[in-house]
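Some notes on the structure that comes next.
In what follows, chains carry the letters A, B, and so on, assigned in the order in which the sequence lines appear, proteins first and then strands, with residues in each chain numbered from 1.
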Amino acid sequence: MIPVGFINIIHGFTVKGRLFEPARIDEKRMVGYPFKEIETKWQTHWESHKTFSIGEDLDLSRPKYYVLDMFPYPSGDGLHVGHPEGYTASDIIARYKRMRGFNVLHPIGWDAFGLPAEQYALKTGTHPSITTEKNIQRFREQLKSLGFSYDWDREVNTTDPNYYRWTQWIFKQLFNRGLAYQQEKPVWWCEELGTTLANEEVIDGKSEVGGYPCIRRPLRQWVLKITEYADQLLDGLDELDWPTSTKEMQRNWIGRSEGAEIDFRVADSDADKIRVYTTRPDTLFGATYMVLAPEHELVDQISAAGARAAVDRYRDSAAKKSELERTELQKQKTGVFTGAHAINPANGKSIPIWIADYVLAGYGTGAIMAVPAQDQRDWEFAGTYDLPVIRTVEPPANFDGEAYTGDGKIINSDFLDGMTVEAAKAAMIEWLEANGHGERKVNYKLRDWLFSRQRYWGEPFPVVFTDAGATTVEDSELPVILPELEEFKPSGTPEGPLATAKDWLDITLQSGQVARRETNTMPQWAGSCWYYLRYIDPHNPDALVDPEKERYWMPVDLYIGGAEHAVLHLLYARFWHKVLYDAGIISSPEPFAKLVHQGMILGELEFTCYRNRQGEAVSAEHVRDGTDTRNGEELSPDRTADSEVVKLGDGFVLSEQQDIAVEARAHKMSKSRGNVVNPDEVVARYGADAFRLYEMFMGPLEQVKPWNTNGVDGTHRFLNRVWRLFVDNESGNRSSKIVDAVPSDSQRKTLHQTIAKVTEDIESMRFNTSIAALMEFTNTVNKWSSVPKEIAEQFLLLLAPLAPHLAEELWEKLGHNETLAYETWPETLAQYLKDDTLMIAVQVNGKLRAQIEIAADLSEEAVLSLARSDDNVARYLDGKTLRREIYVPGRIVNFVVAN
RNA sequence: GCCGGGGUGGCGGAAUUGGUAGACGCGCCGGAUUCAAAAUCCGGUUCUGGUAACAGAGUGCGAGUUCGAUUCUCGCUCCCGGCACCA
């Protein structure tokens with residue numbers, strides 16, 4: 001699912017003779033508590049005791065919590081520091097919820113079909129299943145080394161026939177419900193990859209993977225009718241606790257719009273009527289011309305003899321343009337007059353019909369009525385070709401724009417005059433329907449989902465072709481197993497590599513009928529569309545999920561994963577889910593109740609100074625995209641050491657040459673930049689607990705933030721201090737500072753304030769501040785001469801979700817034989833939260849002049865009097881007229897004075 | 001262009017039913033320990049002035065509301081992410 005690959009080598013590089021080593025971390029030897037030993041010990045313990053396996057016999061009277069990570073695509077490069085960010089967050093929640101008495105489902109698996117393994121097979125002949133298995137091993141080890149509390153008995157793997165059997169079964173449900181159909185569709189074909197690609201896999205006419213050129217060609221494809229669910233997918237968003245940006249992106253992607261379709265008769269012709277789609281039926285009287293997409297089917301029929309040559313020329317050139325060129329040219333709109341005219345049904349006027357590629361064939365009806373007065377695109381086109389403009393909405397008096405798209409009084413529109421836009425739309429639709437000229441219509445940007453790929457490493461379709469067409473195979477025939485192949489080369493034809501599997505391809509059905517299997521495979525999205533359901537009942541041979549278990553566990557309570565999946569994965573999964581819901585197979589209309597995106601982790605902050613060919617430094621304000629904005633000269637970026645720059649004003653400048661501003665920013669981790677950080681090395685040096693803690697301590701989970709290996713020092717030191725607090729350095733036994741004594745009130749206060757803060761922060765996923773609270777706690781406790789065992793234990797329970805290995809070890813040292821994973825989470829006792837005395841601020845005219853200590857229950861009058869008598873406050877009140885006294889209990893006093 | 005998010009010390013960040021800006025950590029400076037170093041511990045660290053007490057300025061820029069604004073309102077600006085002729 002996470003397609004980004006990163007290398008796991010950290011290499012220094014030289015720039016102008018200086019060596020930069022962004023993350024050479026084995027150089028310094030870390031001394032401190034024996035994290036390596038402890039972490040291995042507890043990882044082994046959890047595994048052998050199946051601590052986090054929830055098994056089959058659950059106490060269903062307990063509340064459940066399903067916390068899910070987006071499962072990874074096991075790339076050959078292993079984990080990078082971005083993966084464990086979300087995984088750590090979900091692990092903390094999982095561990096916390098267990099301690100809160102929930103049955104917690106916290107699984108992991110592998111999204112293991114996909115192009116990279118197939119391309120590797122092409123190069124090396126290694127079967128993708130071997131590569132995949134090897135990569136999974138590596139990922140599994142890495143995840144285990146970080147101490148995540150997954151239920152490893154529930155691991156799923158999309159390439160396992162026992163898994164994809166049910167992916168195929170779901171496809172059958174789609175097929176049976178008429179939601180899967182075949183169509184000749186112009187699709188992106190990439191010669192180099194020997195496969196078709198989905199729109200989202202082609203960027204600027206090149207393949208997303210490899211950057212190879214792609215062309216459009218028609219192919220028989222499987223398509224899923226996601227558009228049938230457009231309204232449900234849109235409406236379902238309202239009830240979800242998801243980031244607004246993600247919901248908004250899905251809404252835009254679905255792109256629902258309401259309007260009307262209107263029929264225009266072609267003048268002096270018996271050609272078919274031309275139907276247009278518009279969201280502004282109220283502007284019909286302002287339609288001054290009509291535009292058809294170059295691909296529109298009526299173009300041939302209507303073009304006048306004299307215009308035909310020009311029309312054909314324009315159509316040819318439009319067909320050759322890639323999508324990119326079409327959109328790039330949006331500044332200057334082009335088109336050709338067909339020589340034909342259409343009759344405006346509202347007023348009988350004749351308007352010219354043009355073709356232009358700013359009208360898309362695939363949206364609406366592929367034809368529009370152009371209203372330049374109220375549409376900026378039409379305005380531009382009309383300007384270019386000198387077409388008339390009729391305003392039908394009165395713009396505001398001070399309006400100085402071109403097309404006016406706002407609300408206003410309708411003018412020049414016969415029976416609509418004087419209405420608002422909203423009323424006029426309704427009135428016009430009513431008129432159109434009454435007179436047979438058109439009808440109300442809802443449109444979507446969302447297109448049906450191109451669901452087949454001409455690849456090997458994907459799920460085979462459970463489909464065979466006979467003379468009668470496509471049929472699905474019997475359930476008893478599932479899974480349709482991917483055949484072994486000698487060669488993984490694409491056939492070079494639109495048929496995928498499976499076409500070369502002769503023994504597999506042709507079968508005889510039970511009826512005796514001869515049939516041929518579908519040679520397409522499913523796209524990578526298929527397996528990830530429903531994996532969260534399989535985790536609930538991963539080994540069930542009879543159903544994709546047991547209905548009773550499904551009812552208990554669904555929906556997912558918390559789903560954590562990257563924002564790059566905001567639309568596609570999350571929309572496709574919701575679509576399948578709703579289909580399964582409608583089919584009565586599952587009980588919940590939405591799969592993911594709450595969604596959180598972890599922010600990307602960037603490389604370390606870098607300073608870059610740009611230099612021209614003479615080697616002269618160019619100040620950053622003159623640099624844009626690596627060139628000098630003043631003369632267009634190419635500049636070379638020069639990585640500059642921290643010691644050579646100094647902060648000046650808003651930015652950084654060279655310390656030797658302070659008129660030269662340098663660029664200061666953290667970049668996305670990438671091989672080419674050499675700023676990739678490998679978690680294995682961080683774990684080796686600091687330990688998994690310190691690594692987990694740092695990932696959470698960096699800042700808010702959702703935020704993009706730069707990595708800084710030095711920062712791990714901080715969390716490691718913190719864990720060291722905790723260790724020394726509990727363990728005697730000499731003997732390795734429990735420290736004599738931990739005593740069996742009754743805590744003092746003040747000690748209880750420290751503890752319970754920490755419990756309150758950590759609990760609140762974990763509940764709202766503010767892990768950075770919960771860690772800060774634990775640090776403050778240890779800073780305070782370190783000053784105590786002894787620590788009551790009761791306090792020490794409660795603290796360890798608070799630490800446990802965040803740094804589980806160390807917490808377990810110290811818990812054991814305090815004399816416990818069982819894991820603390822299911823201990824009860826500490827309870828905040830309110831009586832220890834309030835202080836007897838508190839410090840409050842005293843301001844005079846809003847400026848802070850003193851801080852005074854008061855008894856918490858002191859009356860307002862007494863507080864004010866105390867504040868007035870403070871020396872420094874008195875200084876500012878002296879000789880002035882006191883106008884107002886403000887006391888916010890427990891917080892602040894403000895005296896307002898005048899001369 | 002449109003939609004969404006953001007701008008706070010040298011750095012990551014903390015504080016919003018409006019109430020002591022800079023918690024916690026990194027880095028840096030000073031000290032202790034050490035033959036020395038690492039590690040550890042203690043103190044300092046927004047800027048300016050002052051030995052200090054304290055004073056002035058300060059949360060992207062400019063206005064406004066308020067006794068009081070990082071927080072609310074209006075205008076501007078820069079950065080990040082997404083979409084981009086969807087009629």
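One C1' atom belongs to C47(B), the other to U59(B), and the distance between them is 13 Å to the nearest Å. For the C1' atoms, the distance from U65(B) to C74(B) is 11 Å, rounded to whole Å. The gap from the P atom of G81(B) to that of G13(B) amounts to 16 Å, rounded to the nearest Å. One P atom belongs to A69(B), the other to G58(B), and the distance between them is 11 Å to the nearest Å. Using C1' as the reference atom, A23(B) and U70(B) are 15 Å apart when rounded to the nearest Å. Of the P atoms belonging to A53(B) and U46(B), the separation is 13 Å, rounded to the nearest Å. Rounded to a whole angstrom, the distance from the P atom of G18(B) to that of C85(B) is 42 Å. A gap of 13 Å separates the P atoms of G5(B) and U73(B), to the nearest Å.
Note: Phe381(A) and Trp354(A) have perpendicular aromatic rings, judged against thresholds of 30 and 60 degrees for the angle between ring planes. The aromatic rings of Phe795(A) and Phe726(A) sit parallel to each other, their planes meeting at less than 30°, with 60° as the upper class boundary.
Of the two residues contacting RNA chain B, namely Lys757(A) and Val888(A), the nearest-nucleotide position lying further toward the 5' end is that of Lys757(A). Each of Val567(A) and Asn894(A) was assigned the nucleotide of RNA chain B with the nearest heavy atom; the assignment lying further toward the 5' end belongs to Asn894(A).
Remark: Asn708(A) is not in phosphate contact with G27(B), judged by side-chain N or O atoms under 4.0 Å from OP1 or OP2. Contact check, Lys647(A) against C11(B): a side-chain N or O comes under 4.0 Å of OP1 or OP2. The phosphate of A87(B) has OP1 or OP2 within less than 4.0 Å of a side-chain N or O from Tyr363(A). Taking 4.0 angstrom as the limit, Tyr876(A) places a side-chain polar atom (N or O) nearer than this to OP1 or OP2 of A55(B). Between Asn768(A) and A14(B) there is a side-chain N or O to OP1 or OP2 distance below 4.0 Å. A close approach under 4.0 Å does not occur between any side-chain nitrogen or oxygen of Ser245(A) and OP1 or OP2 of G82(B). In this structure, Arg849(A) reaches the A55(B) phosphate: one of its side-chain N or O atoms is under 4.0 Å from OP1 or OP2. Between Gln843(A) and C67(B), a side-chain N or O to OP1/OP2 separation shorter than 4.0 Å is absent. Under 4.0 angstrom from either OP1 or OP2 of C26(B) there lies at least one side-chain N or O belonging to Arg717(A).
Asp263(A) places none of its side-chain heavy atoms less than 4.5 Å from the side chain of Ile274(A). Side-chain contact between Met696(A) and Ile92(A): present, with at least one pair of heavy atoms (C-beta onward) separated by less than 4.5 Å.
Remark: side-chain polar atoms of Asp407(A) are paired, donor with acceptor, to backbone N or O of Val421(A) under 3.5 angstrom. Between the side chain of Asp870(A) and the backbone N or O of Ala850(A), no donor-acceptor pair lies under 3.5 Å.
In this structure, A87(B) makes no Watson-Crick or G-U wobble pair, since no nucleotide meets both defining distances under 3.5 angstrom. Using the Watson-Crick or G-U wobble rule with both distances under 3.5 Å, A36(B) pairs with nothing in any strand shown. As the counterpart of C28(B), G44(B) is assigned, both hydrogen-bonding distances of the Watson-Crick or G-U wobble pattern falling under 3.5 Å. When both distances must be under 3.5 Å, the Watson-Crick or G-U wobble mate of G49(B) is C54(B). Figure legend. A23(B) is base-paired to no nucleotide; pairs are counted as Watson-Crick or G-U wobble with both atom distances under 3.5 Å. Across all strands shown, nothing is found opposite U59(B) as a Watson-Crick or G-U wobble partner with both distances under 3.5 Å.
Across all strands shown, Phe652(A) has heavy atoms under 4.0 Å from sugar-phosphate atoms exclusively, and none from any base. When heavy atoms are screened at a 4.0 angstrom cut-off, Arg884(A) is found touching base atoms of the nucleic acid. Residue contacts shown for Pro243(A) are absent, as no nucleic acid heavy atom lies under 4.0 Å away. In this structure, Asp378(A) reaches neither bases nor backbone, as no heavy-atom distance under 4.0 Å exists between it and the strands shown. Among the protein residues, Arg251(A) comes within range of no part of the nucleic acid, since none of its heavy atoms lies under 4.0 Å from any strand. Residue contacts shown for Glu776(A) are limited to sugar-phosphate atoms, with no base heavy atom under 4.0 Å away. As judged by a 4.0 angstrom heavy-atom cut-off over every strand, Arg256(A) is placed among residues making no nucleic acid contact. Contact annotation for Gln703(A): backbone-only contact, meaning every heavy-atom pair under 4.0 Å involves sugar-phosphate atoms and none involves a base. The residue Met839(A) sits close to a base: some heavy atom pair falls under 4.0 Å. The residue Thr246(A) sits apart from the nucleic acid: no heavy atom pair falls under 4.0 Å. Heavy atoms of Asn779(A) sit under 4.0 angstrom from primed sugar atoms or phosphate atoms, though from no base atom.
Rounded to an integer number of Å, the gap from Ile771(A) CD1 to A23(B) C1' is 14 Å. The separation between Phe697(A) atom CZ and G27(B) atom P is 12 Å, rounded to whole Å. One atom, CG of Leu602(A), and another, C1' of C11(B), lie 14 Å apart when rounded to the nearest Å. Rounded to whole Å, atom P of G5(B) lies 13 Å from atom CE of Met249(A). Per the geometry, CD belonging to Glu604(A) stands 11 Å off C1' belonging to C26(B), to the nearest Å. For the pair Gln753(A) CD and A23(B) C1', the computed distance is 14 Å after rounding to whole Å. One interatomic measurement links the two molecules: NZ of Lys333(A) to C1' of A87(B), which rounds to 11 Å at whole-angstrom precision. Between the NZ atom of Lys445(A) and the P atom of C85(B) there is a distance of 9 Å, rounded to whole Å.
The shortest non-hydrogen separation linking Met669(A) to Asn675(A) is CA-OD1, 3.2 Å. Nearest heavy atoms, Leu719(A) versus Ala690(A): CD1-N, 3.4 Å.
In this entry the base of G9(B) is syn relative to its sugar, with a glycosidic angle within 90° of 0.
Using a 4.0 Å cut-off between charged side-chain N and carboxylate O, Asp761(A) and Lys757(A) make a salt bridge. The pair Arg275(A)-Glu439(A) meets the salt-bridge criterion, since a charged nitrogen lies less than 4.0 angstrom from a carboxylate oxygen.
Interface remark: the Asn710(A) side chain does not form any donor-acceptor pair with the C26(B) base, using a distance-only criterion of under 3.5 Å.
Nearest nucleotide to the Ile892(A) side chain, out of A14(B), C3(B), U20(B): U20(B). Distances from the side chain of Thr244(A) to the nucleotides A55(B), G5(B), A87(B) place G5(B) closest. Closest approach to the Asp713(A) side chain among C85(B), G25(B), G27(B) is made by G27(B) (side chain taken as heavy atoms from C-beta onward). Nearest nucleotide to the side chain of Leu605(A), out of C11(B), G13(B), G19(B): C11(B).
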